[in-house]
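Before anything else, here's the structure in question.
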Amino acid sequence: MKISVIGATGLIGSKVVALLEGGGHDVVAASRASGADVITGEGLADALAGADALVDVTNSPSFDDDPVMDFFTRSSANLAAAAEQAGVGHYVALSIVGVDGLPESGYMRAKVVQEQDDRRIGSAVHDRAGHPVPGVRRGHRRVARRGR
């Protein structure tokens, strides 16, 4: 499977790339350094060309309320649009368990925005216990929440 990892040079991204390559996947390790800019959208089409899946492990360079909200709003919109245009079948975004339970944190509010699904995608996704996962819809986008 061809998998594009966006944010591939970061702490988590580099580990995801290594795990996927170790599993025999064809991995495109994309980041700002490789020309894939999630804020402007520049280079995303090339990074996602022919990909079966997209793994978004990007993070905001700022944790201040307004800049972090801008980062996740723009990056998730640009990635979703580029993935849809490229025909990517699966979209996984890293998030945080309980993120929606800390609305006083600007960072957490921004992560919730990142999790919000494109309203054009179908039915809810359920966890292994059969419970609906809030904010996640079946289709090309899934949210992987990092546990406690």
Hey, are the side chains of V113 and F71 touching, using non-hydrogen atoms and a 4.5 Å cut-off?
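A side-chain contact under 4.5 Å is absent here.
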Single-linkage hydrophobic cluster I39~L44, side-chain heavy atoms < 4.5 angstrom
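Same cluster.
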Looking only at heavy atoms, what is the nearest atom pair of L48 and S4, with distance?
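That closest heavy-atom pairing would be CD2-CB, 3.6 Å.
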Please walk me through it: do H90 and I3 pass side chain to side chain contact (heavy atoms under 4.5 Å, CB included)?
CA-CA 9 Å; H90 304 278; I3 303 172; over 6 Å; no
Treating Ile, Leu, Val, Met, Phe, Trp and Tyr as nodes and any side-chain heavy-atom pair under 4.5 angstrom as an edge, say whether V55 and V27 lie in one connected cluster.
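Hydrophobic grouping puts V55 with V27.
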Just jot down the side-chain contact (heavy atoms from CB on, under 4.5 Å) partners of L102, sequence neighbours excluded, or say none.
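Testing L102 for side-chain contact (heavy atoms from CB on, under 4.5 Å), a comparison that skips the adjacent residues, returns E104, M108.
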Testing D56, T73, V68 one by one against Q114 for a side chain to side chain contact (heavy atoms under 4.5 Å, CB included), which residue passes?
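Of the listed residues D56, T73, V68, the side chain to side chain contact (heavy atoms under 4.5 Å, CB included) partner of Q114 is D56.
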Evaluate whether atom NZ of K2 has more than 12 neighbouring non-hydrogen atoms of other residues, nucleotides or ligands under 6.0 angstrom away.
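Counting other residues, nucleotides and ligands, NZ of K2 exceeds 12 neighbours.
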Angle between ring planes, Y107 versus F72, binned at 30° and 60°: parallel, tilted or perpendicular?
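Perpendicular: the ring planes of Y107 and F72 meet at over 60°.
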Hey, does the side chain of D64 reach the backbone of D66 with a donor-acceptor pair shorter than 3.5 angstrom?
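Pair absent, no side-chain N/O of D64 close to backbone of D66.
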Please name the pair of heavy atoms, one in V17 and one in A8, separated by the smallest distance, quoted to 0.1 Å.
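Closest pair (atom of V17, atom of A8, distance): CG2-CB, 3.7 Å.
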Is there side-chain contact between N78 and V38, with at least one heavy-atom pair below 4.5 Å?
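No, side chains not in contact.
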Does CZ belonging to R109 count more than 12 external heavy atoms closer than 6.0 Å?
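For R109, atom CZ is crowded (more than 12 foreign heavy atoms under 6.0 Å).
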L19 reachable from M1 in the ILVMFWY side-chain graph, under 4.5 Å edges:
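As far as the 4.5 Å side-chain criterion goes, L19 and M1 are not connected within one cluster.
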Residue list, salt bridge (charged side-chain N to carboxylate O under 4.0 Å, His left out) with D70, at least two apart or on another chain
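Counting only residues at least two positions away or on another chain, D70 forms a salt bridge (charged side-chain N to carboxylate O under 4.0 Å, His left out) with R74.
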Using every non-hydrogen atom in the two residues, find where A83 and Y91 come nearest and quote the distance to one decimal.
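That closest heavy-atom pairing would be CB-CD1, 4.2 Å.
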Can you give me the closest heavy-atom contact between D37 and T40, atom names plus distance?
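Minimum heavy-atom contact is OD1-N, 3.1 Å.
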Any residue meeting side-chain hydrogen bond (donor to acceptor under 3.5 Å, both in side chains) with S75, in chain and number order, not counting sequence neighbours
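By the side-chain hydrogen bond (donor to acceptor under 3.5 Å, both in side chains) rule, S75 matches no residue at all.
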I need the minimum non-hydrogen distance between S60 and S62, along with the two atoms involved.
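For S60 and S62, the tightest heavy-atom pair comes out as OG-O, 2.6 Å.
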Just wondering, more than 12 heavy atoms not from Q85 lying within 6.0 Å of its CD?
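Counting other residues, nucleotides and ligands, CD of Q85 stays at 12 neighbours or fewer.
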If I take atom CD1 from residue I6 and atom OG1 from residue T9, how far apart are they, to the nearest 0.5 angstrom?
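Rounded to the nearest 0.5 Å, the CD1-OG1 separation comes out at 10.5 Å.
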About how many Å separate CG of L79 and OG1 of T58, when rounded to the nearest 0.5 Å?
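Going from OG1 on T58 over to CG on L79, the span is 6.0 Å.
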Are any side-chain N or O atoms of K111 and backbone N or O atoms of L94, one a donor and one an acceptor, separated by less than 3.5 Å?
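Pair found, side chain donor or acceptor close to backbone of L94.
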